[in-house]
Q: 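One structure coming up, written as structure tokens, with questions to follow.
Start at 1 and go down the list; that is how both ligands and their atoms are numbered.
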Amino acid sequence: MTITFEVIHKDIGGRVGKVKVGSKTVRTPALLPVVNPHLPLITPREMQEMGVEALITNAYIFNRSTEFRDKALAEGLHAVLDFDGVIMTDSGSFQLSVYGEVEVSNEETLAFQQAIGSEIIVPLDIPTPPGTDRETARQELAVTLERMREGQALFPDANLAGPVQGGIYTDLRREAAAAVQDLGFTFCPIGAVVPLMESYRYKELVQVVLAAKSGLSPGTCVHLFGAGHPAMLALAVAMGCDFFDSAAYALFAREGRYITTHGTLKVDELAELPCACRVCRSHTAEELKRSPERERLLALHNLHVTLAEIARIRQAVQDGTLWELVDERCRSHPRLLAGYRELLRHAEELEPADRVSKRRFFYRGSESCRRTEVLRYHQTIPRISLGGRVLISFDGKEVPGFDTVLGFKPPFGPYPTGLAETFPVGQSEIPDWDEAMVRSGCAGIRSLMAGHPESWFAVRCGPAWAPVVAEEVPGAEVQREQV
Ligand code: GUN
Ligand code: ZN
């Protein structure tokens with residue numbers, strides 16, 4: 001296989017990188033617009049001018065239309081679509097999940113995808129829907145894996161994608177991912193998540209994706225099949241997804257829906273077009289609603305917004321501010337917030353991949369206390385060296401009678417003055433202290449104490465925090481600050 005993935009920047013589980021497919025390069029995270037050859041609202045050439053480096057189209061649709069099939073076989077997909085970026089094709093599995101069966105075999109679709117010049121081809125995997133019982137999910141997964149093996153045996157030189165299925169069962173997802181990895185796949189889509197996203201089951205989405213990720217090697221490029229709403233992309237990138245494909249820009253346009261990063265609006269209810277894209281700046285809301293080109297203009301806006309969000313995410317990964325972006329995006333819907341909180345519950349799994357230094361840490365409420373940077377700080381703080389009598393001073397003032405005096409910065413906790421300017425203590429923007437962050441800082445004191453059973457500890461704080469400290473750090477003496 002000639003798909004290679006180079007990671008350039010990391011943040012949480014997310015990465016900015018380059019995928020090389022043959023001689024072509026796609027920057028990641030990447031959004032592959034779904035192109036329906038029957039109704040191209042936006043032409044692939046226009047997409048390329050908007051910065052699209054790869055797209056996806058459905059081989060099944062090409063195969064079912066005599067006109068398109070013959071043309072694609074004769075001229076190749078790139079000529080038919082007039083696009084010279086990377087073209088990935090899907091097999092017909094999505095139709096399988098919607099209609100129950102398809103008139104194509106695994107071998108046929110793979111041969112056809114190859115014959116029309118697709119650069120990333122997908123076997124006929126079985127997308128197991130969320131309601132499926134465990135035994136059926138296991139059997140379907142076995143079929144999917146067998147079809148991948150068949151694909152490898154029949155087309156050893158193809159750029160074959162290795163879909164990870166397993167339904168809602170996290171152990172199956174993990175097993176599936178490990179099996180796909182063992183087969184040598186370097187490009188792995190995570191499948192059957194569309195029904196979860198359609199019903200806003202983001203908590204389960206996070207569970208399923210993280211389970212799949214746990215079975216994959218960090219060097220594998222991960223595609224989240226059918227995901228592309230800009231409100232959830234930051235969350236998906238934070239989990240370590242690199243490729244997305246979405247028809248949402250076109251499907252929503254058909255229904256008169258205007259995509260924003262914090263949800264979808266009905267264009268008929270808009271008095272203003274709150275967006276910086278070309279369409280929105282050259283039309284009033286009334287003009288857009290009444291335009292004979294309304295569907296196409298909406299699709300253009302929707303795609304612009306989605307691509308801009310991808311750019312914003314790449315910048316955030318580069319700056320180390322992805323947690324802030326995830327936090328902001330996930331507050332737009334309670335079910336997304338549930339997904340974000342689920343991600344935070346997995347901070348221990350995410351921490352090892354996260355980068356060491358970031359541009360800043362903005363505290364945005366109690367969720368921030370469970371971020372990877374706080375966890376890592378609590379894991380490393382016991383390693384600092386201490387004297388016998390240690391004071392942790394909330395207001396930073398030194399008092400005599402101690403061998404070591406440390407400052408205190410919530411939600412991290414105690415810090416030596418030498419670390420006051422370094423990440424995360426130095427680059428963190430903390431508003432007025434609240435109870436959640438002080439409790440989190442106290443957890444930092446506890447881990448410091450656990451690493452230094454030989455030392456004696458006192459914490460000096462104002463009267464407001466004394467009860468919290470006494471409760472959270474029972475082994476330390478609480479001393480009142482003098483006012
Ligand atoms: N598109 C959306 N979900 C899926 C999936 O699970 N498999 C395939 N092949 N395509 C999809
Ligand atoms: Zn716009």
Q: Show the short N or O contacts, below 3.5 Å, that ligand 1 makes with protein N or O atoms; if there are none, say 'none'.
A:
residue, atom, partner, partner atom, Å
ligand 1, 6 (O), Gln165, NE2, 3.0
ligand 1, 6 (O), Ala192, N, 2.8
ligand 1, 7 (N), Asp125, OD2, 2.8
ligand 1, 9 (N), Asp90, OD1, 2.8
ligand 1, 9 (N), Asp125, OD1, 2.8
ligand 1, 9 (N), Asp125, OD2, 3.4
ligand 1, 10 (N), Asp90, OD1, 3.4
ligand 1, 10 (N), Asp90, OD2, 2.6

Q: Side chains of Gln165 and Asp125: is there a donor and an acceptor less than 3.5 Å apart?
A: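 Judged by distance alone, the side chains do pair up.
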Q: How is the N/O/S atom of His301 that comes nearest to the Zn ion (ligand 2) named?
A: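 When I compare the N, O and S atoms of His301, ND1 is nearest to the Zn ion (ligand 2).
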Q: Run through Lys358, Arg355, Arg314 and flag the one making a salt bridge (charged side-chain N to carboxylate O under 4.0 Å, His left out) with Asp11.
A: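 Exactly one option meets the salt bridge (charged side-chain N to carboxylate O under 4.0 Å, His left out) with Asp11, and it is Lys358.
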Q: Under 2.8 Å from the Zn ion (ligand 2) - does any N, O or S atom of His304 fall there?
A: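 Checking the Zn ion (ligand 2) against His304, no N, O or S atom falls under 2.8 Å.
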Q: Is there a donor-acceptor pair closer than 3.5 Å between any side-chain N or O of His262 and the backbone N or O of Arg331?
A: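 Side chain of His262 to backbone of Arg331: no pair is present.
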Q: To 10 degrees, how wide is the angle SG (Cys275) to the Zn ion (ligand 2) to SG (Cys280)?
A: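 With the Zn ion (ligand 2) as the vertex, the angle is close to 120°.
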Q: Ring of Tyr169, cation from Arg134 - is the NZ or CZ under 6.0 Å from the centre and inside 45° of the axis?
A: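 Yes, cation above the ring, under 6.0 Å and within 45°.
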Q: Both conditions, 6.0 Å and 45 degrees, for the charged tip of Arg45 above the ring of Phe83: are they met here?
A: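 Negative - Arg45 is either too far from the ring of Phe83 or too far off its axis.
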Q: Any sub-3.5 Å donor-acceptor pair from Asp242's side-chain atoms to Cys221's backbone N or O?
A: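 No; judged by distance alone, with no hydrogens or angles, the pair does not exist.
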Q: Within 45 degrees of the axis of the six-membered ring of Phe252 and under 6.0 Å from its centre: does Arg257 put its NZ or CZ there?
A: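 Yes, cation above the ring, under 6.0 Å and within 45°.
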